[in-house]
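Here's the structure, in structure tokens; my notes come after.
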Amino acid sequence: MSKSVFKPVTYVIFDLDGTLLDTERIHKKTFTKIAKDYGKEFPDNLRLQILGKQEMDVANLIINTLQLNLTPEELLQLARDEEEKELQNVKLMNGVKDLLEYFCRHKVPMAVATSSSEKSFYVKTANLQNIFSVFHHVVTGSSDPEVKNGKPAPDIFNICASRFPGNPANNKFLVFEDSPNGVTAALAAGMQVVMIPDPMLPRELTANATHVMESMEDFCPEMFFLPPRDFSCSCSS
């Protein structure tokens, strides 16, 4: 995709799981174990379907697909119990720290729009408070009363944009996402979206993103008319 296709941006919104934090492999392990405990398998295609969705939507989809004898609340509690210790030591995805420092240095306002609940967000980020202090605000879709519909609906990105001072236009935003549901939501909100897809995601499911990268390390701000980074990068796509 040529640079002429891209438009200038002045604000940035990040997804959390699989984009900022290396949590998706933990979630996969958790749901695989729970399914096994109930005599079921957790297939890869189901994992791809739940990426980016709100917690209750995830629980309902898993229960209905695998025919588990659980309520959504019971499934989510099992998952929380399973993940509690591991999520306290979750790591940043490659390139995240440097990219956040770049945006801070150039005073680009940033926020997080995550389908996680507020409680889940704080568990995952408790040991990274210095990193997450750089964000103007965080919208937690599973617990925010203003977010009526989860991704792939655009609600969470519309709400996130509206909480910046001055009511900036949605077309001024660049979103970083890892899931097809998140990409669809961002595009529906009228925003450009950079996708860093899960390695197992079929390439055809990345086709709608404005730009696709393997890692945050590959991001070239000049593509979106932002100041260059302090090191060279490949701007081909």
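Please read all numbers here as calculations on a predicted model, not as lab measurements.
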Checklist entry - Is Ile63 reachable from Leu51 through a run of I, L, V, M, F, W or Y residues, each pair having side-chain heavy atoms under 4.5 Å apart? => result no
Checklist entry - Does Met56 share a hydrophobic cluster with Ile34, counting links as ILVMFWY side-chain heavy atoms below 4.5 Å and allowing steps through other members? => result no
Looking only at side chains, do [X] and [Y] share a donor and an acceptor under 3.5 Å apart?
| X | Y | value |
| --- | --- | --- |
| Thr30 | Glu83 | yes |
| Thr114 | Asp15 | no |
| Ser143 | Thr140 | yes |
| Asn158 | Asn170 | yes |
| Thr23 | Lys124 | no |

Next on the checklist: Regarding Glu217 and Lys97, does a basic nitrogen lie under 4.0 Å from an acidic carboxylate oxygen?
Outcome noted: no
Checklist entry - Any salt bridge between Arg47 and Glu24, counting N to O under 4.0 Å? => result no
If you count heavy atoms of other groups shown closer than 6.0 angstrom to [atom1] of [X], is the number above 12?
| X | atom1 | answer |
| --- | --- | --- |
| Asn69 | CG | no |
| Glu84 | CD | no |
| Glu74 | CD | yes |
| Glu41 | CD | no |

Hey, can you tell me if [X] and [Y] have their rings parallel, tilted or perpendicular (30° and 60° cut-offs)?
| X | Y | answer |
| --- | --- | --- |
| Phe42 | Phe31 | tilted |
| Phe121 | Phe132 | perpendicular |
| Phe219 | Phe224 | parallel |

Checklist entry - Going through the distances and angles, do Lys28 and Asp198 end up as a salt bridge (charged side-chain N to carboxylate O under 4.0 Å, His left out)? => result CA-CA 12 Å; Lys28 178 185 178 182; Asp198 185 291; over 6 Å; no
What are the two closest non-hydrogen atoms of [X] and [Y], and how far apart are they?
| X | Y | answer |
| --- | --- | --- |
| Phe176 | Met216 | CD2-SD, 3.8 Å |
| Leu66 | Pro43 | CD2-CD, 4.1 Å |
| Leu205 | Met195 | O-CE, 4.0 Å |

Checklist entry - Does Phe164 have its ring centroid less than 6.0 Å away from the ring centroid of Tyr11? => result yes
Determine yes or no for a side-chain-to-main-chain donor-acceptor pair under 3.5 angstrom, with [X] supplying the side chain and [Y] the backbone.
| X | Y | answer |
| --- | --- | --- |
| Glu222 | Pro228 | no |
| Lys148 | Pro145 | yes |
| Ser133 | Asn130 | yes |

